[in-house]
Amino acid sequence: KNPIHIVGGGLAGSEAAWQAAQAGVPVVLHEMRPVRGTDAHKTDSLAELVCSNSFRSDDAENNAVGLLHAEMRLAGSLIMSAGDAHQVPAGGALAVDRDGFSEAVTKRLEAHPLITIQREEMPGLPPAEWDQAIIATGPLTAPSLAQSIAEATGADALAFFDAIAPIVHFDTIDMNICWFQSRYDKVGPGGTGKDYINCPMDKDQYLAFVQALVDGQKTEFKQWEGTPYFDGCLPIEIMAERGVETLRYGPMKPMGLTNQHNPTVKAYAVVQLRQDNALGTLYNMVGFQTKLKHAEQVRIFRTIPGLENADFARLGGLHRNTYINSPTLLDASLQLKSRPGLRFAGQITGCEGYVESAAIGLLAGRFAAAERLGHAPSLPPLTTAFGALLNHITGGHIVSDDEPGKRSFQPMNVNFGLFPPVEAPKTEGKRLRGKDKTVAKRHAITSRARADCREWLGLPAQ
Ligand code: FAD
């Protein structure tokens with residue numbers, strides 16, 4: 001059989017190589033280190049962890065990334081088995097001895113009879129004769145390959161920085177204070193005129209909010225990250241520093257909006273949230289990309305009327321990050337629509353984090369191997385963590401209805417907002433409330449996911 005070529009031996013490429021080889025398909029893994037380094041990697045090992053040594057929560061019942069761990073273990077993940085073997089104490093989290101972990105991954109890939117590892121930089125897209133290939137070159141993809149990807153996908157389809165606005169779970173927004181309305185009730189393609197959630201502020205609230213943004217603690221950029229601000233994506237606190245009225249004439253302008261709970265009183269400023277996933281479970285704070293420290297974001301953004309109890313699926317940030325506009329470019333099995341047989345995997349597809357990147361590598365490896373063996377790739381159900389994360393990447397994105405064509409795709413960790421909602425189970429016929437309801441819903445989502453994942457993998461039910 002012709003091999004599958006995998007470019008990049010990070011978290012995603014290593015897992016993809018393992019999965020394809022375990023399915024009986026030969027693999028050539030092309031990794032540029034040590035021939036060429038990146039600004040963050042320090043070793044020659046495959047699957048190097050560039051920063052923290054944590055795979056985050058290992059709680060498969062109450063936490064979405066813990067659930068993803070469990071599903072990956074069921075699917076025979078190399079990254080999870082090496083992580084489990086090199087675990088260090090970290091409470092409920094799975095943290096690993098970084099050197100032991102990466103060495104274990106490297107050794108097991110080197111020892112696999114179907115895997116060849118070539119230490120070389122791929123300067124451009126894989127040649128056409130590689131009919132099955134996976135690009136898994138990560139957030140720090142080498143510049144000449146990044147250039148080729150940009151040329152093949154279009155100038156706007158590859159980002160080099162993410163400017164992330166916080167995302168809020170819809171069911172934690174107080175709709176007794178906020179209301180649905182698009183500015184001037186504008187109805188765009190697929191829109192209803194009620195596509196935004198609006199949070200009203202009076203003058204005192206606005207002035208205090210602007211001051212809090214200016215005073216809030218910010219994260220500093222690492223030197224190599226350069227100056228990432230680009231047009232239309234200034235951090236909210238930088239806008240606040242430019243003058244007290246800047247936000248009121250920018251993302252917080254109150255024009256064209258009428259408070260349904262109090263129609264006679266005009267809001268002095270308005271924070272808008274836009275639907276972020278097709279399920280309608282997540283909303284992003286429009287224009288609120290920020291470098292504020294995470295704890296500061298929670299503290300300051302919870303002073304916004306209606307967001308006092310907001311639960312954030314993701315907080316804002318700005319990072320160096322190479323990623324493609326996957327919902328437009330990739331099909332459901334991670335294939336480039338314009339070049340079938342060429343897949344993307346890992347953080348370059350717009351997921352975030354070690355575990356998520358490895359999970360998408362796992363799927364890409366399985367999909368490519370299935371095709372090489374003459375089968376159609378089997379997609380994980382949307383109810384699993386695999387399926388929910390894959391759907392975040394390849395579909396389900398809302399494009400703003402009054403700004404046609406504007407990207408709404410931003411990298412994200414796996415979280416419960418990506419799953420189809422469940423009804424909270426009742427106890428003795430009574431509806432649950434508050435924290436009990438949240439816990440019951442999480443349990444319902446995770447047990448459904450584990451059962452559906454077993455079925456997808458052809459494993460006996462438990
Ligand atoms: P990587 O693991 O980066 O692997 C990509 C591989 O491709 C690398 O080995 C690289 O050398 C190789 N490569 C690149 N270009 C080429 C080429 N042209 N030819 C051949 N090989 C190539 N995530 C967390 O979960 N926790 C954190 O604390 C964390 N901190 C981070 C800090 C920084 C500074 C950065 C940049 C990222 C951080 N991340 C963190 C994100 C994390 O790095 C990624 O989620 C994860 O490593 C992505 O896996 P990947 O396989 O997609 O990419």
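Not measured: the values here are computed from a predicted model. We count ligands from 1, going down the list as the structure has it; atoms in each ligand are counted the same way. Along the sequence shown, residues are numbered consecutively beginning with 1.
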I'd like to check which ligand 1 atoms, numbered from 1 as shown, lie under 4.0 Å from a non-hydrogen atom of [X].
X      : value
Pro139 : 3 (O), 53 (O)
Arg33  : 9 (O), 11 (O)
Leu145 : 18 (N)
Leu11  : 2 (O), 47 (O), 49 (O), 51 (O)
Ala12  : 51 (O)
Gly353 : 23 (N), 24 (C), 25 (O), 45 (O)
Ser52  : 28 (O)
Val50  : 31 (C), 32 (C), 33 (C), 35 (C), 37 (C), 38 (C), 43 (O)

Short N-O contact, [X] and [Y], less than 4.0 angstrom:
X      : Y      : answer
Arg366 : Glu15  : no
Arg33  : Glu48  : yes
Arg36  : Glu121 : yes
Arg119 : Asp44  : no
Glu296 : Arg299 : yes

Name the atoms and distances for all side-chain donor-acceptor pairs under 3.5 Å in residues 453-462, with sequence neighbours left out.
residue, atom, partner, partner atom, Å
Arg454, NE, Pro460, O, 2.7
Arg454, NH2, Pro460, O, 3.3
Trp456, NE1, Ser378, O, 3.2
Trp456, NE1, Ser378, OG, 2.8
Trp456, NE1, Leu379, O, 3.3

**Prompt:** For the residue pair Phe101 and Phe55, does the interplanar ring angle fall in the parallel (under 30°), tilted (30 to 60°) or perpendicular (over 60°) class?
**Reply:** perpendicular

**Request:** Please state whether the rings of Tyr283 and Phe170 are parallel, tilted or perpendicular, taking 30° and 60° as the class boundaries.
**Result:** tilted

For ligand 1, is there an N or O atom under 3.5 Å from any N or O atom of [X]?
X      : value
Gly346 : no
Glu121 : no
Gly13  : no
Thr38  : no
Arg56  : no
Ser54  : no
Ala345 : no

**Side chain proximity check, Thr322 to Leu140, heavy atoms < 4.5 angstrom** = no

**Asked** Should one rank Ser14, Ser357, Ala142 by closest heavy-atom distance to atom 46 (C) of ligand 1, which comes out on top?
**Response** Ser357

**Item:** Ring centres under 6.0 angstrom apart (Phe288, Phe301)
**Value:** yes

**Prompt:** Under a 4.0 Å heavy-atom limit, does Ser144 contact ligand 1 with its side chain, its backbone, both, or neither?
**Reply:** neither

**Message:** Suppose the criterion is salt bridge (Lys or Arg N to Asp or Glu O under 4.0 Å): which pairs have a residue in residues 51-79, not counting sequence neighbours?
**Reply:** Arg56-Glu356, Asp58-Arg73, Arg73-Asp84

**Item:** 4.0 Å heavy-atom contact, Glu120 with ligand 1
**Value:** yes

